[in-house]
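One structure below.
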Amino acid sequence: MTPTRRARYAPHAPRPRRAGLALGTFAEGLFVIHERRRVRPQRSGRTVVVTGASAGVGRAVARAFGEQGASVALLARGRRGLDAAAAEVERAGGRALVVPVDMALPTQVEEAAGRVERALGPIDVWVNAAFTSVFARFPDVTADEYARVTAVTYLGCVHGTRAALRRMRPRDSGVVVQVGSALGEASVPLQAAYCGAKHAINGFTAAVRMELRHEHSGVAVTVVQLPALNTPQFSWVLSRLPRRPRPVAPVYQPEVAARAVVYAARHPRGGEYRVGASTAGTVLAHRLAPALFDRYIARTGYAAQQTDERAWSVAPHNLWEPLDGPHGRDHGAHGSFGSEAAGRSPYTVAARHRALLSAAVAAALVTARVLRVRTART
């Protein structure tokens with residue numbers, strides 16, 4: 001073997017490995033850069049309506065728009081929660097307007113929209129995040145309870161969209177963001193009314209989106225499908241389960257959802273956004289193997305939605321009256337599962353930035369190739 005060939009095949013210092021790792025680190029750095037850019041305040045004079053703004057996802061969404069300098073109208077039933085949400089929006093740098101409303105009542109929703117435009121100007125973004133639910137087997141949910149969940153979660157979305165489009169379509173401008181759920185694509189037991197409502201939102205939104213496209217409208221409607229979140233939902237929703245309800249792991253903080261909603265409002269033409277790898281995985285599994293998925297969830301879904309703690313015999317709930325009303329207390333955006341909730345979702349960031357995702361995949365492939373070559377040489 002010639003000296004040149006011996007030099008070529010001789011053992012090298014681990015520089016190729018460092019180079020491969022550097023490429024991986026570069027990809028991780030891209031994610032970090034985009035994470036930092038994503039949370040940097042960008043001032044905006046937009047008028048935003050957020051339903052269900054007194055707590056949970058709606059509360060986090062309202063605060064996120066406040067950080068963008070928006071004028072935020074806060075729609076919900078609970079006055080204490082609304083007042084606390086308004087204070088957070090204003091501390092964040094936005095302007096807040098409190099509008100108590102029951103989203104199940106279309107006349108109240110229409111009146112609320114008119115009040116918002118008189119006080120804050122034309123509505124630019126409308127976010128439908130209001131919902132309620134019942135944790136129970138379907139036979140244990142009364143007809144009135146089922147109708148109430150449908151009226152708030154599904155029809156509340158319909159009423160909000162109608163009020164928004166009535167104002168946006170003549171101006172040929174505006175965005176409606178529906179806060180959906182992975183359960184609107186793949187159902188679970190013990191939440192029949194909620195799953196039905198979220199499925200209905202998907203069908204309704206797709207139909208409205210097609211109508212707007214047919215009209216070549218400048219108004220956009222999009223859906224943000226959410227994973228399990230650490231919100232007060234599990235402490236104030238009506239439950240007839242033997243143990244306390246809980247989100248199905250993995251769990252994310254509501255701020256992860258809020259950032260996705262703000263992004264969707266700025267980039268609504270995507271049609272649909274999925275937040276969290278768990279949401280994308282759930283949807284994919286259900287579409288590829290629906291029968292297998294259903295059998296798996298039927299076997300595991302009961303235990304996955306309950307803690308080991310026994311439920312209270314009589315627990316307050318918000319199905320008919322708000323728990324953050326005049327005689328209640330503010331519940332904020334977070335629930336009691338913060339110790340296991342993730343504050344970021346790399347998948348969600350990557351899914352928004354396809355070029356970034358491609359760069360990360362390419363870096364991973366190059367890294368793997370370099371390591372394989374290095375291993376072969378040694």
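This is a predicted model, so every value here is computed, not measured.
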Subject >> Greater than 12 external heavy atoms within 6.0 Å of Glu321's CD >> reply: no

Original post:
Heavy-atom count around Arg171 CZ within 6.0 Å, excluding the residue itself: above 12?
Top reply: yes

**OP:** Please work out whether the ring planes of Phe234 and Phe135 are parallel, tilted or perpendicular, with thresholds of 30° and 60°.
**Re:** tilted

Taking [X] for the side chain and [Y] for the main chain, is one N or O donor matched with an acceptor at less than 3.5 Å?
X      : Y      : answer
Arg209 : Val221 : yes
Thr153 : Thr132 : yes
Glu88  : Arg63  : no
Thr51  : Ala129 : yes
Asn230 : Gly335 : yes
Asp124 : Arg46  : no
Thr47  : Leu120 : yes
Arg59  : Ser54  : yes
Gln108 : Asp102 : yes

Would you name the heavy atoms of [X] and [Y] that are closest together and state the gap between them?
X      : Y      : value
Ala228 : Pro250 : CB-O, 3.8 Å
Val89  : Gly66  : CG1-CA, 4.0 Å
Ala186 : Thr282 : CB-CG2, 3.7 Å
Pro268 : Thr222 : O-CB, 3.6 Å
Ile297 : Pro189 : CG2-CD, 3.5 Å
Ala341 : Tyr252 : CB-C, 4.0 Å

Would you say [X] and [Y] make side-chain contact, with heavy atoms under 4.5 Å?
X      : Y      : result
Gln225 : Val283 : no
Val48  : Gln68  : no
Val127 : Phe65  : yes
Leu292 : Tyr296 : no
Tyr302 : Arg137 : yes
Gln191 : Lys198 : no

**OP:** For Glu272 and Thr205, test the side chains for any donor-to-acceptor distance below 3.5 angstrom and give the result as yes or no.
**Re:**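 On atom types as modelled, these side chains do not qualify, holding no pair under 3.5 Å.
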
Original post:
Side chains of Glu255 and His334: do they bring a donor and an acceptor to under 3.5 Å?
Top reply: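 Looking only at side-chain atoms, His334 and Glu255 do form a donor-acceptor pair, the distance falling under 3.5 Å.
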
Original post:
After noting the C-alpha distance and the side-chain angles of Gln233 and Val57, does the key distance pass the side-chain contact (heavy atoms from CB on, under 4.5 Å) rule?
Top reply: CA-CA 10 Å; Gln233 166 189 358; Val57 173; over 6 Å; no

Original post:
Taking it one step at a time, do Arg259 and Val275 satisfy side-chain contact (heavy atoms from CB on, under 4.5 Å)?
Top reply: CA-CA 10 Å; Arg259 291 192 292 265; Val275 179; over 6 Å; no

**OP:** Quick one: do Asn318 and Arg77 satisfy side-chain contact (heavy atoms from CB on, under 4.5 Å)? Show the steps, please.
**Re:** CA-CA 10 Å; Asn318 72 342; Arg77 294 178 299 162; 3.9 Å; yes

Approximate separation, where rounding is to 0.5 Å, of [X] [atom1] and [Y] [atom2]:
X      : Y      : atom1 : atom2 : result
Leu238 : Leu319 : CG    : CG    : 6.0 Å
Trp312 : Ser235 : CH2   : OG    : 8.0 Å
Leu284 : Thr279 : CG    : OG1   : 12.5 Å
Asp330 : Arg79  : CG    : CZ    : 13.0 Å
His327 : Arg80  : NE2   : CZ    : 9.0 Å
Ser71  : Ile123 : OG    : CD1   : 11.5 Å

**OP:** Sort out for me which residue in Arg167, Arg162, Arg115 forms a salt bridge (Lys or Arg N to Asp or Glu O under 4.0 Å) with Glu110.
**Re:**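 Output: one option passes, namely Arg167.
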
**OP:** May I ask you to decide whether Glu117 forms a salt bridge with Arg166, counting only side-chain N to carboxylate O separations under 4.0 Å?
**Re:** no

Original post:
Are any of the side-chain nitrogens in Arg169 or Glu211 under 4.0 Å away from the carboxylate oxygens of its partner?
Top reply: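 No, no charged N to carboxylate O under 4.0 Å.
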
Verify the cluster assignment for [X] and [Y]: are they in a single hydrophobic cluster under the rule of side-chain heavy atoms below 4.5 Å apart?
X      : Y      : answer
Trp236 : Val134 : no
Val223 : Val158 : no
Val152 : Ile201 : no
Trp126 : Val208 : yes
Met103 : Val98  : no

**OP:** For the pair Phe337 and Thr307, evaluate side-chain contact (heavy atoms from CB on, under 4.5 Å) and give the outcome as yes or no after the intermediate values.
**Re:** CA-CA 11 Å; Phe337 299 92; Thr307 69; 4.0 Å; yes

**OP:** From the options Val61, Val179, Val125, Val261, select the one residue that forms a side-chain contact (heavy atoms from CB on, under 4.5 Å) with Val50.
**Re:** Val61

Original post:
Of Arg274, His199, His286, Arg287, which is the lone residue that meets side-chain hydrogen bond (donor to acceptor under 3.5 Å, both in side chains) with Glu185?
Top reply: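 The side-chain hydrogen bond (donor to acceptor under 3.5 Å, both in side chains) with Glu185 is passed solely by Arg287 among Arg274, His199, His286, Arg287.
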
